[in-house]
Amino acid sequence: MTVPSPTPPPPDYPAYDPAAVERRWQGHWRDHGTNQTDLAGATKPFYALMMFPYPSAEGLHVGNLFAFTGNDIYGRFHRMRGHDVFEPFGYDAFGIHSENFAIKVGVHPMELIPRNVANFQRQVERAGLMVDWRQAVNTTDPAYYKWTQWVFLQLYRRGLAFKKEAAVNWCPSCKTVLANEQVEHGHCERCGTAVELRQLAQWFFRISDYAERLLDNLATLDWSETTRTAQRNWIGRSEGAELVFSVTDMQADAGSAGVAVTTEMAIEEDRIRVFTTRPDTVFGATFLVLAPEHSMIDAITTLEQRAAVDAYRDQARKQDLVTRKTEREKTGVFTGAYAVNPATEQLVPVWVADYVLMEYGTGAIMAVPGHDQRDFEFARTFDLPVVRVVVREGEHAAAPVGDAAIVDTDGGRVCNSGRFDGLAVGEAKREVTAWLHGRGTGRPVVNFRLHDWCISRQRYWGPPIPIIYCDACGAQPVPEQDLPVTLPNIADFKPDDSGVSPLARHAEWFHVPCPECGRPGRRETDVSDTFLDSAWYFLRYPSATRADLAFDKAMTAKWLPVTSYIGGNEHAVLHLLYSRFITMVFKDAGLIDFEEPFTRFRAHGTIIREGAKMSKSKGNVVNPDAYFDEWGADAFRTYLMFLGPYEEGGDFRDRGISGVKRFLDRLWSSVHECTRDGTPDEGVMRKLHATIKKVGDDTPALAYNTAIAAMMEYMNALRSGERTVHRAEVEPLVQLVAPYAPHIAEALWERLGHGTSVFDGGWPAYDASRLAGDTWECVVQVQGKTRGKVTLATGASQEAAVAAAMAEPSIAKFVTGPAKKVIYVPGRLLNLVV
RNA sequence: GCGGACGUGGCGGAAUUGGCAGACGCGCGGGACUUAGGAUCCCGUACUUCACGGUGUGGGGGUUCGAGUCCCCCCGUCCGCACCA
């Protein structure tokens with residue numbers, strides 16, 4: 001087919017100039033309040049939340065823009081579908097990031113942050129996000145952190161905030177305490193320095209009280225499965241039993257291992273509690289192991305062993321988490337003490353070893369070397385007895401365990417366990433626990449990995465924890481009317497290695513009267529974790545302009561829980577878990593009437609560039625401003641969404657953006673050149689309806705890349721052979737494009753004669769009856785191999801289909817005999833089996 | 001070690017969930033219009049074969065009329081967690 005290509009007449013309309021279009025419409029939106037949500041009057045509230053960014057000095061990162069754009073498309077789409085969409089924006093600007101950077105460049109964070117925020121806001125506006133700036137929040141604003149402190153007081157009042165001395169992770173480089181979850185493989189998550197242990201008094205939130213609820217509710221949430229799995233693993237529920245091993249009078253019985261004693265001989269105070277998920281193996285527990293930090297060690301250690309035990313504990317204390325957690329060689333020391341195995345009533349030695357962790361369970365274990373690999377290794381190292389208590393199919397109870405613990409015991413049966421012999425492992429767990437329970441030496445227990453949330457930071461750049469210490473009254477909460485406890489603007493905000501916040505060096509701030517008795521008191525100098533700032537910000541947005549309360553009850557009831565939350569999977573565990581926790585506490589306190597903050601959560605993917613992660617050191621960071629300048633925000637947004645599935649991310653390649661820009665150019669031309677004369681083409685209109693359906697289905701599913709592909713495909717059909725475009729063919733396309741490329745859509749919508757925003761013009765409907773034509777292409781297979789296709793009338797019978805296929809010589813030649821079987825799937829294919 | 005995701009042209013990626021593998025875009029090749037083209041438009045582009053055809057979704061096996069998709073084994077990549085009792 002030869003397509004005539006007449007010389008086109010010079011266009012009588014302006015060329016597409018993204019810079020001009022975008023400047024004009026951003027101004028228009030600002031002047032007309034297009035992006036403002038009528039929070040009080042909304043009838044169909046739709047809270048489209050994205051994770052707020054840390055406003056770095058480098059400005060908006062493409063990763064940020066990728067995340068925001070995806071949320072913006074989602075929000076704009078739902079607005080067009082008739083919802084009152086609220087898309088707020090804010091800044092998570094406290095914390096170690098800002099502080100370290102401020103120290104590095106020698107500018108005070110109080111100067112630096114407003115500068116960064118202004119730059120961020122400029123870029124976000126350039127990107128064309130549908131943000132209602134009236135509701136913006138900034139966690140470093142006293143008007144915001146006043147309420148962060150108020151949140152602390154709510155937890156304090158309910159007994160959920162408490163102070164305890166604990167071994168904490170200390171980063172010698174950042175000079176601060178890190179939460180366990182901020183330590184990655186024993187190194188500081190921020191700077192990579194090896195973490196040490198220090199003992200400090202810290203403020204904690206009792207999130208572990210909520211473990212079961214946080215776990216159970218996961219089943220009810222519309223969240224990415226990966227995120228829910230990550231939370232489930234983090235909470236780490238395990239069912240088992242707590243068993244009691246009583247320590248005997250070690251002086252009298254020293255060295256008498258293997259001698260049966262009765263539990264009455266035990267000293268009441270010296271009961272070692274262990275947690276185990278394998279109570280069925282208690283008959284095989286041949287020794288106990290305590291964590292080096294275990295509080296009973298001093299009491300039970302014999303004189304002869306004291307020196308060795310002290311030395312071992314000292315060494316463990318000095319060891320940083322890195323070596324302690326990566327060094328897998330089993331080390332340990334005997335305490336000289338013995339305890340009674342509650343099942344066998346035999347004496348078993350009590351050891352101390354660092355492979356037992358104080359922070360999990362009870363800090364003590366019963367070692368079953370026959371069926372636990374770690375215990376097995378320990379037993380081999382120190383020549384301790386190994387007993388088999390489980391047999392699997394074909395194994396003998398008397399057979400020794402061998403070179404490794406027998407761990408895979410799912411189908412096994414208990415042996416060498418007295419009256420329980422022969423029970424299946426699962427049964428034995430219940431039976432043994434019940435038996436020991438009856439004897440007062442055990443009980444079923446559910447244990448969680450989740451530990452309490454340490455919110456203390458010995459730093460400057462955060463909200464001061466609102467507590468005042470008084471020698472007479474103890475720790476007193478700052479009265480609510482005295483909030484905020486303002487962070488003073490001090491010049492020397494650098495942490496030192498004293499382990500105390502720089503705030504302590506400022507007498508005029510530090511000394512304050514006790515709110516209870518009025519006598520001199522001292523302020524708490526710790527500031528709170530940034531995760532606390534972000535654990536409640538979604539509650540603040542709808543009430544951001546209210547100075548008199550943290551969040552308005554009616555407004556909150558109207559807008560929350562959040563309809564849709566989009567953010568990075570790096571916050572899959574901590575931020576989302578903490579937010580859920582705070583929400584539950586507020587529910588329990590009667591402050592709100594829901595307990596899960598985010599009805600729907602989707603994690604976006606990450607953008608890499610030319611196959612590698614973007615980083616300053618690689619020099620492959622994309623500066624959005626350069627792309628806004630060269631291609632326009634619309635093309636840049638659309639390109640980011642086109643490069644891969646939104647939930648997986650994609651590979652940013654500079655050259656790829658031209659295809660998207662060309663698409664927008666062609667859209668621009670098509671609208672400007674379209675005609676009202678005549679009637680739209682039937683085939684094109686059918687394709688249009690299919691495209692409306694596709695884009696309308698894909699967009700809310702975050703399948704942005706395929707939605708864009710569908711629009712491009714339609715564009716190809718629309719302009720195929722340089723045909724003249726009919727207005728009815730292109731007008732709905734402007735609406736489909738609008739969430740992706742909002743500026744050009746507004747401009748073209750106006751060009752088409754509309755006086756109001758395209759975002760208030762609804763979403764085009766498709767006519768399902770127009771999706772299918774009168775005929776369809778039937779793929780014909782012979783023996784499952786495609787041999788051709790025939791055009792069939794819609795609703796054609798199987799007989800008609802076979803007849804049509806056999807009429808094609810190119811198909812019929814493969815049919816060597818009578819069809820044994822015919823598979824006919826109307827609308828799809830015909831398969832002849834001969 | 002445990003858990004999760006994944007593996008498709010030269011590249012980014014599609015595939016209605018078992019039904020024409022490679023949509024869409026980049027790149028590349030050819031052509032039109034051009035003084036010119038890094039503009040625009042049209043055509044082509046998995047491999048192989050003159051062709052008929054054959055072969056192809058990391059590798060091997062299986063289920064099925066039919067497998068990128070489901071099952072088993074293996075290899076590889078990425079991401080969590082990591083002595084959690």
Side-chain angles (χ1 to χ4, degrees), chain A residues 1-8 11 15 184-185 225-226 229-230 232-234 236 238 240 274-278 281 289 324-330 353-357 359-368 372-375 377-378 447-451 569-570 572-573 606 608 610-611 639 642-645 648 650-660 662-663 665-666 669 694 697 703 705-716 719-722 777-789 810 813 819-823 825 827-834:
Chain A
M1 181 177 68
T2 322
V3 177
S5 304
T7 310
E184 286 173 349
H185 310 292
E225 193 48 48
T226 52
T229 303
R232 239 175 248 125
N233 293 342
W234 191 264
S238 57
V274 303
F275 174 72
T276 178
T277 56
R278 296 298 304 275
T281 62
V289 186
R324 178 144 171 199
K325 291 224 169 187
T326 50
E327 185 61 58
R328 272 160 204 254
E329 289 298 303
K330 293 289 178 291
D354 66 2
Y355 82 93
V356 173
L357 310 174
E359 63 265 27
Y360 185 73
T362 60
I365 61 155
M366 66 174 200
V368 184
D372 182 286
Q373 187 56 29
R374 298 155 297 181
D375 299 343
E377 287 164 14
F378 193 81
N447 203 35
F448 294 92
R449 268 188 48 182
L450 181 69
H451 32 63
N569 230 347
E570 68 273 18
V573 176
T606 48
I608 55 172
E610 258 117 41
Y639 177 57
F642 183 62
L643 31 92
E648 284 163 41
D651 193 351
F652 188 96
R653 278 159 199 275
D654 285 14
R655 284 200 283 208
I657 194 170
S658 62
V660 170
R662 188 150 34 237
F663 167 72
D665 280 332
R666 300 200 321 154
S669 305
K694 174 83 175 151
D697 289 346
N705 56 332
T706 51
I708 294 164
M711 291 188 277
M712 288 174 163
E713 203 177 330
Y714 178 62
M715 177 65 75
N716 290 342
R719 295 177 66 86
S720 155
E722 301 187 36
E777 290 268 280
C778 177
V779 172
V780 182
Q781 298 181 335
V782 179
Q783 311 290 66
K785 281 180 187 280
T786 301
R787 294 302 184 182
K789 41 189 140 178
S810 59
K813 71 177 178 185
K820 272 189 287 196
K821 193 168 175 185
V822 177
I823 291 110
V825 185
R828 292 244 191 280
L829 56 62
L830 174 72
N831 187 7
L832 303 170
V833 185
V834 295

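Labels below follow one simple rule: chain letters A, B, ... track the order of the sequence lines, proteins then strands, and each chain is numbered from 1.
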Heavy-atom donor-acceptor pair, Y639(A) side chain to R653(A) backbone, under 3.5 Å: yes
Proximity to the side chain of [X] - top-ranked nucleotide from [options]:
X       : options                : result
W234(A) : C81(B), A85(B), C24(B) : C81(B)
R449(A) : C83(B), C24(B), C81(B) : C81(B)
R655(A) : G13(B), A85(B), G27(B) : G27(B)

Which part of the nucleic acid, if any, lies within contact of [X], taking any heavy atom under 4.0 Å across all strands shown: a base, the sugar-phosphate backbone alone, or nothing?
X       : value
D375(A) : nothing
L643(A) : sugar-phosphate
R232(A) : nothing
K694(A) : nothing

Inset, instruction - Indicate whether the side chain of N233(A) and that of R449(A) have a donor and an acceptor atom separated by less than 3.5 Å. - result: no
Inter-nucleotide [atom1] distance ([N], [M]), Å rounded:
N      : M      : atom1 : result
U16(B) : C20(B) : P     : 9 Å
A51(B) : C70(B) : C1'   : 38 Å
G12(B) : G80(B) : C1'   : 26 Å
U17(B) : G25(B) : P     : 24 Å

Indicate whether OP1 or OP2 belonging to [N] is found under 4.0 Å from a side-chain N or O atom of [X].
X       : N      : value
K813(A) : G53(B) : yes
N447(A) : A85(B) : no
R787(A) : G54(B) : yes
R662(A) : C26(B) : yes

Can you pull every protein N or O that's under 3.5 Å from an N or O on nucleotides 64-67 of chain B?
unit_1	atom_1	unit_2	atom_2	d
C65(B)	OP1	K821(A)	NZ	3.2
C65(B)	O2	N831(A)	ND2	2.2

Worksheet entry | Spacing of D651(A) atom CG relative to C78(B) atom P, expressed in whole Å |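 Whole-Å distance recorded here is 15 Å.
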Each base of RNA chain B marked ( ) or [ ] if paired in-strand (Watson-Crick or G-U under 3.5 Å), | if paired to another strand and . if unpaired gives (((((((..(((......[....)))((((((.......))))))(((....)))..(((((..]....))))))))))))....
| field | T606(A) side chain reached by E570(A) side chain, heavy atoms, under 4.5 Å | value |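 Contact flag for E570(A)/T606(A) side chains = no.
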### Task
Classify the angle between the aromatic ring planes of F378(A) and Y355(A) as parallel (below 30°), tilted (30 to 60°) or perpendicular (above 60°).
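Tilted, since the angle between the ring planes falls between 30° and 60°.
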| query | Side chain of R828(A), base of U16(B): donor and acceptor closer than 3.5 Å? | reply |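 In this structure, the two groups form a donor-acceptor pair.
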